[in-house]
Number of protein chains: 2
Amino acid sequence: MIPFRLVLQPGIPLHEQVAFAAKKAMMSGRLRPGEPFPSVRTLSRELKIHVNTAQRVVAALTQEGLLEVRPGIGTVVCQPAPARRYDRGRVLGPEVDQLVVEAMKMGLTLEDLQETVEERWRRLQPERAAAKANQP
Amino acid sequence: MIPFRLVLQPGIPLHEQVAFAAKKAMMSGRLRPGEPFPSVRTLSRELKIHVNTAQRVVAALTQEGLLEVRPGIGTVVCQPAPARRYDRGRVLGPEVDQLVVEAMKMGLTLEDLQETVEERWRRLQPERAAAKANQP
DNA sequence: ACAAGTGTACTATGCCGCTTGTTACACCAA
DNA sequence: TTGGTGTAACAAGCGGCATAGTACACTTGT
């Protein structure tokens, strides 16, 4: 079975959605470092997606350092790179800007937005903590 | 002169970038309710954009309730609609999710993310407060 | 009445990304 | 050898984006 769910959404590239679902699974702990990642052809079959599209997902995740390729074997979830936080605001600046403007547009306060961010953060964290506890 | 700046970024639809720049100007207070919005043909000339593209921007902002059209006259910045906050998390949920996952990927803590959000929020707010002070 | 400005609609064209389809190659394991 | 793995290349269809040109109904200022 595929280690993540996928609810199709129109207007967003398919390979992006799949890659994001995989990323989300990794961050939440449902896909832990060292575990095997579904093969390109398995992804293609289970998600009813063309092989080329699945390949594009694997390529993207590999380029981001989230997957490691064992030639002839398959791909494996990577150990997270040593946290390099020197930039921070610069990288996800535009994304935060867009979120802030959108929040202001609908009359939210800063506290409202902070609360929403915290809620979505904690929605992923518990599985992460449980995963760490089971593998010391 | 155009009441907002525009730094072109590849990979993002042009009309989206212009619309976002306008939205940002409205939220920050550089474009206040009742003020005239640049005409389609003015936008086209100043931003070196085709009229159709500019028209698409005006149409989008109008549909979002940010611009009001006076036929034959032009468009005017709208009064913000009465704050309806009944949904909140549901609307901008996916955007927050993407931001959270991206932050986790680069080893940020929740506090790091919150701090970034607050910084970008306050970067727009001061102009907003100043605009309110000048028009009681 | 006229000219100039406004938003809006329509068709057409070229470009580029997405997705699927197909075929092929190099690698490793049972 | 057989079957599984990632990877590459090419082609085709589809749709969105941006440009281009033309036209219409409207209002304002002269």
Side-chain angles (χ1 to χ4, degrees), chain A residues 1-4 6-23 26 31 34-78 98, chain B residues 1-3 6-23 26 31 33-78 98:
Chain A
M1 212 47 183
I2 298 297
F4 51 83
L6 182 60
V7 277
L8 289 186
Q9 219 157 355
I12 304 173
L14 191 46
H15 61 90
E16 252 182 56
Q17 299 191 41
V18 178
F20 177 73
K23 255 189 255 184
M26 293 178 191
L31 262 177
E35 286 185 2
F37 192 78
S39 82
V40 176
R41 293 173 179 84
T42 300
L43 283 176
S44 169
R45 192 182 340 111
E46 300 284 328
L47 298 179
K48 290 163 183 173
I49 280 179
H50 196 267
V51 191
N52 289 356
T53 307
Q55 157 64 15
R56 200 165 173 179
V57 173
V58 172
L61 294 177
T62 303
Q63 175 127 6
E64 287 195 64
L66 296 174
L67 288 185
E68 191 180 350
V69 175
R70 311 283 173 79
I73 308 287
T75 60
V76 170
V77 179
C78 250
Q98 189 169 345
Chain B
M1 213 46 184
I2 299 297
L6 182 61
V7 278
L8 289 185
Q9 219 158 354
I12 304 174
L14 189 46
H15 62 90
E16 253 183 54
Q17 299 191 42
V18 178
F20 177 72
K23 256 189 255 183
M26 294 177 192
L31 260 177
E35 284 186 5
F37 191 78
S39 83
V40 176
R41 293 173 178 84
T42 301
L43 283 175
S44 168
R45 191 180 343 111
E46 300 285 327
L47 298 178
K48 290 163 183 173
I49 281 180
H50 196 267
V51 192
N52 290 356
T53 307
Q55 158 64 15
R56 199 165 174 180
V57 172
V58 172
L61 294 177
T62 303
Q63 176 129 8
E64 286 195 64
L66 296 174
L67 288 184
E68 190 182 349
V69 176
R70 311 282 173 80
I73 309 286
T75 61
V76 171
V77 179
C78 251
Q98 188 169 343

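We name chains A, B, ... by the order of the sequence lines, and we start the count at 1 in each one. Every value quoted in this text rests on a predicted model; they were computed, and no experiment measured them.
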Requested in this report: Quick one: label B/V51 by what it contacts on the DNA or RNA (base, sugar-phosphate, nothing), any heavy atom closer than 4.0 Å.
Outcome: nothing

Measure from the side-chain heavy atoms of [X] and tell me the nearest of [options].
X: A/H15; options: C/dC18, D/dT28, C/dT8; result: C/dC18
X: A/N52; options: D/dA9, D/dA23, C/dC18; result: D/dA9
X: B/L14; options: D/dT7, D/dT5, D/dA18; result: D/dA18
X: B/S39; options: C/dG7, D/dT28, D/dT19; result: C/dG7
X: B/R41; options: C/dT19, D/dA23, D/dT7; result: D/dA23

Heavy-atom check, side chain of [X] versus side chain of [Y], under 4.5 Å:
X: A/L14; Y: A/L8; answer: yes
X: B/T42; Y: B/R45; answer: yes
X: B/L43; Y: B/F37; answer: yes

Without decimals, in angstroms, what is the distance between [X] [atom1] and [N] [atom2]?
X: A/Q55; N: C/dA26; atom1: CD; atom2: P; result: 17 Å
X: A/Q63; N: D/dT7; atom1: CD; atom2: P; result: 11 Å
X: A/I49; N: C/dT19; atom1: CD1; atom2: P; result: 8 Å
X: B/L67; N: C/dG7; atom1: CG; atom2: P; result: 10 Å
X: B/Q17; N: D/dC17; atom1: CD; atom2: P; result: 12 Å
X: A/H50; N: D/dT7; atom1: NE2; atom2: P; result: 16 Å
X: B/R45; N: C/dA4; atom1: CZ; atom2: C1'; result: 13 Å

Requested in this report: Determine yes or no for a side-chain-to-main-chain donor-acceptor pair under 3.5 angstrom, with B/T75 supplying the side chain and B/E68 the backbone.
Outcome: no

Query raised in the report: Has the side chain of A/Q17 got a donor or acceptor atom that lies under 3.5 Å from a matching backbone atom of A/Q9?
Result: yes

Report task. May I ask you to verify if any side-chain N or O of A/T75 is less than 4.0 angstrom from the OP1 or OP2 atom of D/dT5? Result -> no

Query raised in the report: Are any of B/R56's side-chain N or O atoms less than 4.0 Å away from OP1 or OP2 of D/dC17?
Result: yes

Query raised in the report: A/P71 or B/K48: which one's nearest nucleotide on DNA chain D is closer to the 5' end?
Result: A/P71

Report task. Starting from the 5' end of DNA chain D, give me the residue, B/I12 or A/T62, whose nearest nucleotide shows up first. Result -> A/T62

